Structure formats: structure tokens, C-alpha cells
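Notes for the one structure printed next.
All figures in this text were calculated on a predicted structure; none of them were measured in a lab.
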Amino acid sequence: MGEREMEEMPLPALFEQGCKVHNMASESGVDQGTLRKGCEALQHCEEMMSKLDLFSANETKDDISTTNLKYLLVPFYLVELREKVAGEDRIQVLKISQAKLKVNVKPSLEDH
């Protein structure tokens, strides 16, 4: 699937594609190309979530629509897939992963 095609996909389709790769990677070995495609899908998913302002900093967990709850997992899935991609500086990937997961924990969600 090309970059252009991914940009035209709706958020649920991107999420589904990324989850599919994440599940495959969790259950068995997946080739590097598939891992990269999963990372791309989840990256586009993150970008789309940001553009749509899907979650705001002042929301509580009760304010989030049930249908949108699954998108809270996007950063976690993305980090897990990136850590499985070979050929990258492992220390740098881990530092980026740690920072990404810390940033994506919203204080308003932690409190409830």
C-alpha cells in the first residue's frame, strides 16, 4: 500500500490495518516490510487524530466517546511495532518510545 493511498484512508481503516500488523507481530514473526507498513499506518493514524483533535487535554475519561476509546492505544501499538523494526539504533528507539508514552498519558485520564 502506497503512501498516497494511506493518506486517503479513513481513521478506522488505518487503525484496523495497524492493529492487524500489531496482532500478527505479537503472535508470530512478521517480516520487516510488514512491520514498517504497520508503523506507517499507525503514524498516519496519530497524525489524523491530531488533526481531528480527537482528544483534548481538558477531557476526562467520561467525556471520551466509547467508539473513540480504542484510539488511545495508537501510541502504544506504534511504540511496540517500532521496537521490532530491525536496523535502527536500539537505544534511540527506546528513548523515543519512552518519551512518546510519557507524553501520551494525559493527567486528566490518570486521575480518574
Side-chain angles (χ1 to χ4, degrees):
M1 180 166 292
E3 179 82 18
R4 183 81 171 140
E5 292 174 11
M6 254 191 224
E7 289 178 1
E8 296 172 359
M9 290 175 68
L11 182 59
L14 285 169
F15 181 75
E16 186 64 35
Q17 183 178 352
C19 283
K20 182 179 175 183
V21 173
H22 181 267
N23 290 336
M24 288 177 4
S26 298
E27 294 171 5
S28 64
V30 176
D31 65 272
Q32 292 295 306
T34 303
L35 285 174
R36 285 186 177 88
K37 291 290 182 187
C39 287
E40 287 177 36
L42 292 169
Q43 183 63 44
H44 282 290
C45 203
E46 261 192 340
E47 291 167 6
M48 191 176 288
M49 289 166 46
S50 179
K51 287 179 188 174
L52 294 171
D53 202 22
L54 203 56
F55 304 111
S56 66
N58 61 350
E59 279 183 310
T60 66
K61 66 181 180 184
D62 296 327
D63 295 331
I64 299 173
S65 165
T66 305
T67 57
N68 291 339
L69 280 175
K70 61 186 175 190
Y71 299 119
L72 289 172
L73 294 173
V74 169
F76 172 74
Y77 288 164
L78 182 56
V79 162
E80 276 206 330
L81 286 183
R82 277 196 182 137
E83 289 178 0
K84 294 177 188 223
V85 173
E88 296 184 17
D89 179 14
R90 182 88 171 127
I91 299 296
Q92 188 64 22
V93 169
L94 291 174
K95 286 180 181 179
I96 292 169
S97 296
Q98 183 180 25
K100 180 178 247 348
L101 291 176
K102 282 183 179 179
V103 167
N104 283 297
V105 175
K106 299 193 183 291
S108 60
L109 294 177
E110 288 177 337
D111 295 337
H112 299 285

Do you know the tightest heavy-atom contact between [X] and [Y]?
| X | Y | result |
| --- | --- | --- |
| Cys45 | Val74 | SG-CG2, 3.9 Å |
| Tyr71 | Met49 | O-CE, 3.3 Å |
| Ala41 | Gly18 | CB-N, 4.1 Å |
| Lys37 | Gln17 | O-NE2, 4.5 Å |
| Pro75 | Leu72 | CD-O, 3.4 Å |

Spacing of [atom1] belonging to [X] relative to [atom2] belonging to [Y], to within rounding of 0.5 Å:
| X | Y | atom1 | atom2 | result |
| --- | --- | --- | --- | --- |
| Lys51 | His44 | NZ | NE2 | 9.0 Å |
| Asn68 | Leu54 | CG | CG | 4.5 Å |
| Leu42 | Glu80 | CG | CD | 11.0 Å |
| His22 | Cys39 | NE2 | SG | 10.0 Å |
| Ile64 | Lys70 | CD1 | NZ | 14.0 Å |
| Leu35 | Met24 | CG | CE | 8.0 Å |

For [X], check side chain to side chain contact (heavy atoms under 4.5 Å, CB included) against everything at least two apart and list the hits.
| X | value |
| --- | --- |
| Leu52 | Leu11, Met48 |
| Gln43 | Glu46, Glu47, Leu78, Arg82 |
| Asp63 | Glu59, Thr60 |

Heavy-atom count around Gln32 CD within 6.0 Å, excluding the residue itself: above 12?
->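 Above 12, so yes.
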